[in-house]
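Some notes on the structure that comes next.
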Amino acid sequence: MYFNETHEAFRASVKRFVDREINPNMEAWEAEGVPLHELFRKMGDLGFLGIRYDPRWGGQGLDYWFETVFIEELGHVWGWGLPVAIMVQTNMATPAIDMFGSDFLKERYLKPAIAGEKVAAIAVTEPGAGSDVAALSTRAVRDGDAYVINGSKTFITNGCQADFLTLLARTSNDPGHHSYGLFVVPTDLHGFSVSKKLDKVGLRSSDTAELFFDNVRVPAVNLIGNEREGFIYQMQQFQHERFTILPITYIACRDIIDMTVTYIKQRIVFGKPLSTKQVLRHRLVEWLAEIESLRHLTYHVVRMKTAGLDATREISMGKLLAAQLLNKVASGCLQMFGGMGFMNETLISRHFRDTRVMSIAGGADEVMKDIVARMEGF
Amino acid sequence: MYFNETHEAFRASVKRFVDREINPNMEAWEAEGVPLHELFRKMGDLGFLGIRYDPRWGGQGLDYWFETVFIEELGHVWGWGLPVAIMVQTNMATPAIDMFGSDFLKERYLKPAIAGEKVAAIAVTEPGAGSDVAALSTRAVRDGDAYVINGSKTFITNGCQADFLTLLARTSNDPGHHSYGLFVVPTDLHGFSVSKKLDKVGLRSSDTAELFFDNVRVPAVNLIGNEREGFIYQMQQFQHERFTILPITYIACRDIIDMTVTYIKQRIVFGKPLSTKQVLRHRLVEWLAEIESLRHLTYHVVRMKTAGLDATREISMGKLLAAQLLNKVASGCLQMFGGMGFMNETLISRHFRDTRVMSIAGGADEVMKDIVARMEGF
Amino acid sequence: MKYDVFNEEHEQFRVQLRRFLADRVTPHAAEWERNRQIPRQIWQEMGQLGFLGFCYDPAYGGVGADDLFRVVMSEEMARCSAGGFGVAVCAHNDMSTTYIDLLGTHEQKLRWLKPCTAGEKVCAIAVSEPGAGSDVAGIATRAERKGDHYVIEGQKTFITNGYYGDILVTAVKTDTKAVPPHKGISLIVVEKGMKGVTARKLEKIGGHASDTAEIFFDQVEVPVEHLLGAEGQAFYAIMKNFQLERLVATILAVSFAQHILELTMDHAKQRVAFGKPIAKFQAVRHKLAEMATAIELNRALSYQCAVQYAKGEDVTKEISMLKYASAEMVNRVAYDATQLFGGYGYMAEYEVARLYADLRAVTIAGGTTEIMKDIVGRLMGL
Amino acid sequence: MKYDVFNEEHEQFRVQLRRFLADRVTPHAAEWERNRQIPRQIWQEMGQLGFLGFCYDPAYGGVGADDLFRVVMSEEMARCSAGGFGVAVCAHNDMSTTYIDLLGTHEQKLRWLKPCTAGEKVCAIAVSEPGAGSDVAGIATRAERKGDHYVIEGQKTFITNGYYGDILVTAVKTDTKAVPPHKGISLIVVEKGMKGVTARKLEKIGGHASDTAEIFFDQVEVPVEHLLGAEGQAFYAIMKNFQLERLVATILAVSFAQHILELTMDHAKQRVAFGKPIAKFQAVRHKLAEMATAIELNRALSYQCAVQYAKGEDVTKEISMLKYASAEMVNRVAYDATQLFGGYGYMAEYEVARLYADLRAVTIAGGTTEIMKDIVGRLMGL
C-alpha cells in the first residue's frame, strides 16, 4: 500500500543480499567478528551505503522511503550485531558529514564510506558521560592548523575496524551546548589507540571498543562545520540514528514471532501443539498489534521527514516504543521455546542477547522520555 | 498532514456543536440522561448522522476520512456516554441496513435515523451470550408475512429510547454461522418491553437496557437481506462499530493528558509543581507515544477501508490497543489528580468510570485477541 | 497455607465479627450505599459488642487487645460486601481515635475516647487540606492561642466521617514560624457542633456508604483543653499512626482482593461460553492464578509486617512498600475481575463492578503510590 | 525486617558458608565461567566442610539437618558472584541426590549418596527429554528388563551436571503400557562411565560455569540393583521433589534479586549524570524502590513457604505461585538493573550484565511460568 514497484525492486535486491551474503555467514561472524571492509565493499558496490546521499559522492540520491526499505530488510538478518554495524556506517557516523561537512570532508570520507572503502564509527559516549553530553571531557584544542585531541571514548561500535571516527569533543569551557566540535578523525593518526575491545552480552558480530586519544593531532580541515556547533549537529545526526531502530524492529519482531509460531505449532506438549495454548496465542497477538502500530508510526515519520518537518518528537517516541517492544518480544518468544530458547544453538537466544542493548544505546528509554516531556512543555 | 481544507471545515462544524450543544449539557445529562430525540434531530439537521450514507436517504455521501474527523471530534466530549449513544446510531445499528437492507428498510428506518427522527439501537448480546454468538437463544420464527420473536437482549445502549432495534436472532437450529437473521424491529410492536434499565459504573449519560420480546410479530419485510446470513452481516457491522473506538481514543486520551498536565503544573507539593516529578513526566510520555502510534494505525485503517480492503485484523488490533490505552490513561491520570481524582466533581473521575467498559463492550480484549490469532493462522 | 499469625482469641473475635457483619451489615449495605450514610445505630451496636476501641484501656471501654485484632477486623470488614463501611469504621477505629489514646489525658480520654469506643460518637482525623496532602508539614489551617481558647481558621478536605461524624481530631499549625515547619503542628479536638465549623459532603466515585467531607473552620473557638498532647508534638504522632493506618489499608486491600477473587472464581465456574465454563479457558485460568499469586505475595508480607508491628518493631519501610503494592494489586485484581465478568462487570448491581469503583481510591488515600515509593527510596538510603 | 525464620545454627552455617564462598569461589568465578567448568576440587572441599548432603543421615555423611539449611545454602549460593555455580551445586544437593535418599536402600545410599555428600561424586537428575519437559509422564526413554539388567535406550536433555557429573538419576519408562502412563515411570541410577552413555555439552546464554548436557543412552546395560525404589514408583517421588526443587529455585531467585539490587544501588549512588548521582533522579529512585518491594514480597512468601515446607505441610500451590512469581521478578529486576547501569549493563565484565543472561533460564527451568500457572489454577479448583 505504501511502496511502489521501484521500491519493491530495490527491496528484492537488498533481500537477496541478506539471504546470500549475510545470513549464511552470521554464525561464523558471531564467533569471529565481521570483516567489515570486505562486506562494506560489496554493499558499496550495490549502492546500499549511500541511499539518500548525493550522487556527487557516490550516493543514490533516493528518498527516505528507499532508506526505510533498506532498513526494513536488515530486520531479516539473523542477529543484530551486523545491522548495527551497517547503520553506524550509514545513519550514525556519516549524516553529519553529509549535512554539515565541507566538500573536502565529503570527498575524503563520505565518498569512500559510501563506496564501502572506509569503515566509519561514531565516537560520542565517554566512560563518564552517556546521555549527559555536558559531562563530555574529551577535548579538542586548536593548535595551528590542527586540533589536538585528548581523552577517551567508550562503547564505540566498529571501533576496532574503523578507518575514521566522527567524534564529538569539547572545544570550549563555556557551559551550554555551544562548546563542542564534531570532527572527522582518521584512526591512523599518531596517539590514537583502541584501549580495549569490549566483551558484551550480545551483538557479538559487531565490535565495540574503548578508544584512547593521546595528543592526537587532527587537521583543522577535519572539523565539521563550526567548531562550537558540534553538539547541535550531533543532535540532528541522532535523529537519523534513532530512526533506524523503528523499521528494523517491526520487521525483526515479525520474523521472531513467525519462527516462534513455527516452533510452537510443531512442539507437542501433553498431547497437543503448544500453539493451541490460549495464553500464548493471546500474547503473540498483543505483540503483533504493537508491531502494526509501530509500523504506521514509522511511515508517519517517513512522511514527516519527506515533507521536511522536524520529527524529533515522533522519532523519540518510536525509539522508546521500538526498544521496549523488541525486548518484550525477544524475551517473550524465548520463553515459548522453553529450554531450547536458552541454548545458543537456537536463534532466539541470540535475539534475546542482542536486543537488550536497544533500550540503552542511542539514547536510553529514560532519555527519550525526557526529550518528549520537554518538547511537550511539561 | 492528512486532512484537507474541506475536512477541516467539517471538523470545525462538529467542534462547534460539541462545544455549544453537548459539553455544556453533559453535567445535566449525566444526572438525568440525554434526550436523544431532541439531540439527534439537531445532529440530523447538521448532517452528522449520515456522513458516509447515500444522499438518496439523506446521507452526505462522504468518505471514511470525514467519518474519522467526526469521531475524532466526539473525543472532545466530556464523558463517554453520549459519544457511545451517537455511535450506536451511526456505526452500530445502521451500517447493516445501509449495506444489506432493502430500499424499503432504508426509506423507512435508515432515512429517519440519518435525519435524527428515529433513535436506533443494536440488539445482539443476551444474558447468556456475549461474545459466544452461537449461544444466542432469541428466536425468530417465520409465521406468514411476519417473524415471531421471543427472547431477551441485554446491555442494549439507547435501549430505553430507541424507536427501532437492529436485532440478531436465531432463525434455524442448524449449527454454524448460517442460522441467524438480522431484523429491524420497531419498539412500538406489541410484546416488546424494556424489562430493566441497567445501572452502570459509568456511561451515565447513556441508557442501557435489558429488553424482552414476547411473541413480537415483526413484518417479514423488516428482515435485512437473507434470513440465514444475519450473523455474517453482523460481523461486518461490527467492523464499523469497533473502528469507532480508535479515533475517539487518541483524541480523548490527549485531552485527558492535557487537562492533567494543566492540573499538575499548578499543583504544588513539597514546594514544587507536581509536573516537575520525573516519574509523572515519564509516565505521560509513555502514553503519548502509544497515542501517537494508535493515531497512525487508525489512519492506516482508514486508508485500507478507503481502498476497499478488509481491515478486520487491523481494526481488531486497534480496538484492543485503544481500549487498554484508554483504561491506562484514565486511571493513571486520575492518580495524578490525587484525592480530587476520586471526587465526582472532577472530570477525570467520569473518564475513569466511563472508560472501563471499553475493554469489554463491542468485543472484549480477549475476543479481539482470538480473532487476530485465528486470522494469523496460529 | 497456614500462617500461624492468629491465636484462638483472634479467631473467636473473627467468628463473632463475621456473624455480626453477615446479620447486621451485609443485608443493608445496598441501602446504606443508596442513602450515602451509615445509620448511627450500627455504630452503637458495634460499640456494645466490643467491635470498637478494643485495643484501648478498659477505663475507656476497651479490653487492651493487641494490634492483631485490628488486622482481623480489617480482614472481615473487607469481605462484608458493604462498600465504604469498612473505610468508615477503620477511619474511626484505627486512624483517628488512636490519637486520643496516644496523646490524650485521662480526662480527654473519658470525654472523647470512651464514647467512641461505645459507638456513641463517630471520630474522624482531619489532616489533609486542599493544598497539603502527604505534605503534612505544609498545612495552612491555623490555631491561634487567645487566652484559654484556640481560634481555628482554615479548611480540611477528604475527611472520612467528616460529614456525619462528631469528633474531629484536627491537625493545625499552632506555630507558623517553627523551624522546621513540622514542629509547629498540633492536634486539637474539634466537636462538630462548634460554632464556625461547617462541612460540605463530597460525591465520590465509590465507597458511597462512607461520607467524605470538606470542612471549613471559620474563627472556631476551641477551649485549650482540647489540645491533644503538647503544642508542636503532633507531627511525630501523625507519622507514627500513619504506619498503623497504612498497615490497616494494606490488610483491607489484601482482603478485598481475596473477596473479589472468590466472587470471580464462582462466576468463572458458572458462566458458560463456547460450550464450557469460562474457567476452563486457559487465559481465564491463568488470570485467576495470577490474581491469587499477587494476593498471596501481599498477604505473606502483610502478615509478617503485622506481626512485627504488633511486637513494636519499626517496619516503616516494609509498610510503605506494602501500602502501595497492595493498593496497586487490588486495583489490578478488580480490573481483571470486571474483565472476567464481561458486561456484568460494569453493571452496578454486581459487587465486583461497585468494588472496582470503590477501590480506585486506595492508591491515593493514606499516601499515594508515588509518595510511598519516595519514602521507600529514602529508607533505602537513596 | 526481622523474619524469625532461622536459628543460631542456621546463621552459623551461613557465616561459614559465606566465608568459604568468598575465599574459595568468588575469586575464581570468572575463570570457571571462561572454562565452562567447575573444578572437582571445589566439590571435594565443600563435601569435607559439610556443605553437601547435610540433610542426610550421618550414616551417609550428613548431619540430619533440617530443610531450612537448604534455604540458607541457596541464599548464599546466589550472592557469591559465580554464575552457574549455584545452580550446579543445588542440582546436586537438592534436586538429584534427594532421590537416592528418598528411595534408595542402605546399600545404594552407601554406594552413591555417601560419595555425593563427600563431594567425591557429582550427581545429576535426568528427567527432561527433547519431547517431554514438564510432561513427565510423556518421557520416551525406555528401560527394558532383561534378566538381571535393564537395557536403557533414549535421550535426555538440559541435564545440569550432565556432562562432567558422575551419577545420573535417570527417569525411564519401565512399563510402556501402564495406565495411566505415569505409573510406568521408574528411576534408575546410571553411572556416566557405563557403556553406551554419551553426552553432548550444550552452549547456553549464561550460567556458563555449570555444564548442561544432552545425554544419549544407546542400549545401556544397567544392573537391576540400580533401580531406586520399586518399578513404577518414581512419578510421585519426582512430583514430591519438584516442590523442594522449586522452593530452592525461588530462594535462589529472591537472593539473586537482592544481590542485583545491592549492586545496582551502589552503582546508582556513585554514577553521576547531569551533576548528581543518578540515585537522585526520581525515576531511578522509584525503580529501585519497586525492585526492593518486589523482592520483599517474594521473600516474605518464600520464607513462609519454607517454614511450612520444613514442617512437612503441603504447600504445593504456594510453591508453584512462588516459582513463577520469583522467576519473573528476578528477570524484571535484572532487566531494570541493566537499564540503570546504562551501557555498562551490557558489558560482560559487569556482573549485572552476566546475571541478566544467566537468569533468563529461571522462568523456564524446573517448570515454566505457564506450567506453574496451570498447576496453581488446578489447585484452585479451576
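None of these values were measured; they are calculated from a predicted model. Order of the sequence lines fixes the chain letters, A, B, ..., with proteins taken first and strands second; residue numbering starts at 1 for each chain.
- Your options are C/Gly133, C/Gly275, C/Gly342, C/Ala283, and the one with the most heavy-atom pairs under 4.5 Å with chain B is C/Gly342.
- For the pair B/Arg267 and B/Tyr263, the NZ or CZ position fails the cation-pi test of under 6.0 Å to the six-membered ring centre and within 45 degrees of the ring normal.
- For C/Leu340, no part lies under 4.5 angstrom from a heavy atom of chain B.
- With hydrogens and angles ignored, the 3.5 Å screen pairs no side-chain donor or acceptor of B/Asp354 with any backbone N or O of B/Gly79.
- Electrostatic pairing of B/Lys153 and B/Glu210 does not count as a salt bridge here, judged by no charged N lying under 4.0 Å from a carboxylate O.
- Under 3.5 Å, the side chains of B/Lys200 and B/Thr208 contain a donor-acceptor pair of N or O atoms.
- Salt-bridge formation is detected for the pair C/Asp336/C/Arg332: a Lys NZ or Arg NE/NH1/NH2 atom is positioned less than 4.0 Å from an Asp or Glu carboxylate oxygen.
- Interface summary for chain C: among B/Gly202, B/Gly271, B/Ala361, the most heavy-atom pairs under 4.5 angstrom belong to B/Gly202.
- In this structure, chain C has a heavy atom under 4.5 Å from the side chain of B/Phe155, while its backbone stays farther away.
- Both the backbone and the side chain of C/Phe274 have a heavy atom closer than 4.5 Å to some heavy atom of chain B.
- The choice from C/Phe341, C/Tyr335, C/Phe158 that makes the most heavy-atom pairs within less than 4.5 Å of chain B is C/Tyr335.
- Using cut-offs of 30° and 60° for the angle between ring planes, the C/Tyr350 and C/Tyr344 rings count as tilted.
- Contacts between C/Phe281 and chain B at a heavy-atom distance below 4.5 Å are absent for every atom of the residue.
- A salt bridge does not link C/Asp358 to C/Lys204: none of the charged side-chain nitrogens sits closer than 4.0 Å to a carboxylate oxygen.
- Per-residue heavy-atom pair counts under 4.5 Å with chain C were compared for B/Thr346, B/Leu203, B/Val279, and the maximum is reached by B/Leu203.
- Remark: the C/Thr363 side chain and the C/Glu328 side chain contain no N/O donor-acceptor pair separated by less than 3.5 Å.
- The candidate from B/Asn327, B/Asp365, B/Val269, B/Leu198 with the greatest count of non-hydrogen atom pairs under 4.5 Å with chain C is B/Asn327.
- In terms of modelled atom types and a separation under 3.5 Å, the side chain of B/Asn91 and the main chain of B/Glu241 share no donor-acceptor contact.
- Interface remark: of the candidates B/Lys277, B/Met343, B/Arg356, B/Arg356 forms the most heavy-atom pairs closer than 4.5 Å to chain C.
- With chain B as the partner, the residue from C/Thr212, C/Asn331, C/Thr338 showing the most heavy-atom pairs under 4.5 Å is C/Thr338.
- Considering only heavy-atom pairs separated by less than 4.5 Å from chain C, the leading option among B/Ala364, B/Gly341, B/Gly128 is B/Gly128.
- Contact check on C/Glu129 versus C/Lys156 returns a salt bridge, with a Lys/Arg side-chain nitrogen under 4.0 Å from an Asp/Glu carboxylate oxygen.
- Contacts between C/Ala365 and chain B at a heavy-atom distance below 4.5 Å are absent for every atom of the residue.
- B/Arg139 and B/Asn173 share a side-chain donor-acceptor pair at under 3.5 Å.
- In summary, B/Arg281 and B/Glu286 do not engage in a salt bridge, as defined by a charged side-chain N under 4.0 Å from a carboxylate O.
- With a 4.5 Å cut-off on non-hydrogen atoms, C/Val284 does not touch chain B at all.
- Of the two parts of C/Ala132, only the backbone, made up of N, CA, C and O, holds a non-hydrogen atom closer than 4.5 Å to a non-hydrogen atom of chain B.
- Options C/Ala353, C/Gly343, C/Gly131 differ in how many heavy-atom pairs under 4.5 Å they form with chain B, and the most are formed by C/Gly343.
- Taking chain B as the reference chain and counting heavy-atom pairs below 4.5 Å, the highest number among C/Val272, C/Ile364, C/Thr368, C/Ile205 is found for C/Ile205.
- The contact between C/Ala273 and chain B is made by backbone and side chain atoms together, counting heavy-atom distances below 4.5 Å.
- Surrounding CD of B/Glu27 are at most 12 heavy atoms belonging to other residues, nucleotides or ligands under 6.0 Å away.
- With a threshold of 4.5 angstrom between heavy atoms, B/Leu280 approaches chain C through side-chain atoms but not through N, CA, C or O.
- Ranking C/Glu349, C/Arg271, C/Lys373, C/Arg354 against chain B, the residue ahead of the rest is C/Arg271, based on heavy-atom pairs under 4.5 Å.
- Heavy atoms closer than 4.5 Å to chain B are found nowhere in C/Thr157, neither backbone nor side chain.
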